[in-house]
Amino acid sequence: VTLTLRQVVKANIISDEPGVCSGNPVTLTATGGDVFVWTDPNGSLSATNSDVVIASPTVTTTYKVEVSDSACPDNIDTDSIRVTVFTPVNVSAGNDTSMIIGRTIELNAKGGKSYLWNNQELIIGSNTVANPEISISENTTFVVTITDINGCKYIDSVLVTLIEDPLNSFLAVSIIT
């Protein structure tokens, strides 16, 4: 009679990232046995029967894995891991606005660590600041890529429309008239 002792299964999950941007992948690795069955609550896992899976959650999600030993089917343990999805905090290109023809204004993005505006040819100075000064000759939409402190990127836009100087509608009045 040959007796083989098997170690008790002890499920464990590790993640290669503490948190992710919405939809970005994170690798989850389960250990402790040789059969793995994952619970995928929102359909964001690359597989459900492997020790290494890729999760791409769009919301904070808790994943669970059941680990067992193929030689001893009752030798089972489970573990779970919560993958946090970073959410933007007041990320915005600012409100749509108007400006007087021939003048300049500053745009006002917020919520990021870094900014990258399009239409660089219409920006006076740097296009990598939250509040670039602009000069336009027609109604223009400016698009900004905002990167937050977690490295997540968000895209927003602001429409700038041109208006006539309201002071031009006043007529000069003199005491002689």
query: For the atom pair CZ (R103) and CG (L162), what is the distance rounded to the nearest 0.5 Å?
result: 12.5 Å

- prompt: Is the shortest heavy-atom distance from the side chain of D79 to the side chain of V67 under 4.5 Å?
  reply: no

- prompt: With side chains defined as the heavy atoms from C-beta onward, is the minimum distance between L28 and W38 less than 4.5 Å?
  reply: yes

query: Rounded to the nearest 0.5 Å, how far does CZ of F86 lie from CG of D148?
result: 8.0 Å

Heavy atoms of other groups near D165 CG, more than 12 under 6.0 Å: yes

message: Quick one: does any side-chain atom of D156 pair with a main-chain N or O of G94 as donor and acceptor, under 3.5 Å?
response: no

query: Shared ILVMFWY cluster between V83 and V65, side chains joined below 4.5 angstrom?
result: yes

- prompt: How close do Q7 and N75 get, heavy atom to heavy atom, and via which atoms?
  reply: O-ND2, 2.9 Å

query: When L107 is tested against each of V129, I134, V144 for side-chain contact (heavy atoms from CB on, under 4.5 Å), which residue passes?
result: I134

- prompt: Sub-3.5 Å donor-acceptor pair from the side chain of S92 to the main-chain atoms of N90, do we have one?
  reply: no

query: CD of E121: more than 12 outside heavy atoms within 6.0 angstrom?
result: yes

query: Does any N or O in the side chain of D69 come within less than 3.5 Å of the main-chain N or O of A71, such that one atom is a donor and the other an acceptor?
result: yes

For the student: nearest non-hydrogen atoms of T161 and S98, plus distance: OG1-OG, 2.8 Å

- prompt: Hey, mind stepping through N108 and K110 against side-chain contact (heavy atoms from CB on, under 4.5 Å) and telling me if it holds?
  reply: CA-CA 7 Å; N108 291 300; K110 63 181 180 179; over 6 Å; no

field: Student check: side-chain heavy atoms of F142 and N118 closer than 4.5 Å
entry: yes

field: Over all atoms of both residues, closest heavy-atom pair of I146 and A109
entry: CD1-CB, 4.4 Å

- prompt: Is there a donor in the side chain of D34 and an acceptor in the side chain of S70, or the other way round, less than 3.5 Å apart?
  reply: yes

query: Can you tell me if T128 uses its side chain to pair, donor with acceptor, with the backbone of Y115 under 3.5 Å?
result: no

message: Contact between I163 and I100 at the side-chain level, heavy atoms closer than 4.5 Å - yes or no?
response: yes

- request: Could you walk me through whether V52 and T27 pass side-chain contact (heavy atoms from CB on, under 4.5 Å), step by step?
  value: CA-CA 7 Å; V52 178; T27 301; 3.6 Å; yes

task: Report yes if the side chains of N49 and V37 come closer than 4.5 Å at any heavy-atom pair, otherwise no.
output: no

field: S56 versus G23, closest heavy-atom pair with distance
entry: CB-O, 3.6 Å

- prompt: Can you get from I101 to I105 by hopping between Ile, Leu, Val, Met, Phe, Trp and Tyr side chains that sit under 4.5 Å apart?
  reply: yes

task: Would you kindly confirm whether L122 and V158 end up in one hydrophobic cluster when ILVMFWY residues are joined by side chain heavy atoms under 4.5 Å apart?
output: yes

- prompt: When rounded to the nearest 0.5 angstrom, what distance separates CD1 in I54 from OG in S44?
  reply: 11.5 Å

Distance, nearest 0.5 Å, that separates CD1 of I81 from CD1 of I13: 6.0 Å

task: Starting at OG1 of T104, measure out to CD of E133 and round the result to the nearest 0.5 Å.
output: 3.5 Å

task: Indicate yes or no: at least one non-hydrogen side-chain atom of D16 is less than 4.5 angstrom from one of V26.
output: yes

- line: d(S80 OG, E66 CD) to nearest 0.5 Å is 13.0 Å

task: Check which hydrophobic residues are tied to I14 through side-chain heavy-atom contacts below 4.5 Å, counting indirect links as well, and list them.
output: none

- prompt: Do Y63 and N42 come close enough that some side-chain heavy atom pair is under 4.5 Å?
  reply: yes

message: Restricting to non-hydrogen atoms, name the atom on V59 and the atom on T61 that form the minimum distance, rounded to 0.1 Å.
response: O-OG1, 2.7 Å

- request: Determine whether the side chains of T147 and K113 contain a donor N or O and an acceptor N or O closer than 3.5 Å.
  value: no

- prompt: Are any of the side-chain heavy atoms of N127 and L116 separated by less than 4.5 Å?
  reply: yes

query: What heavy-atom pair brings T87 and Y154 nearest, and what distance separates the two atoms?
result: C-OH, 4.0 Å

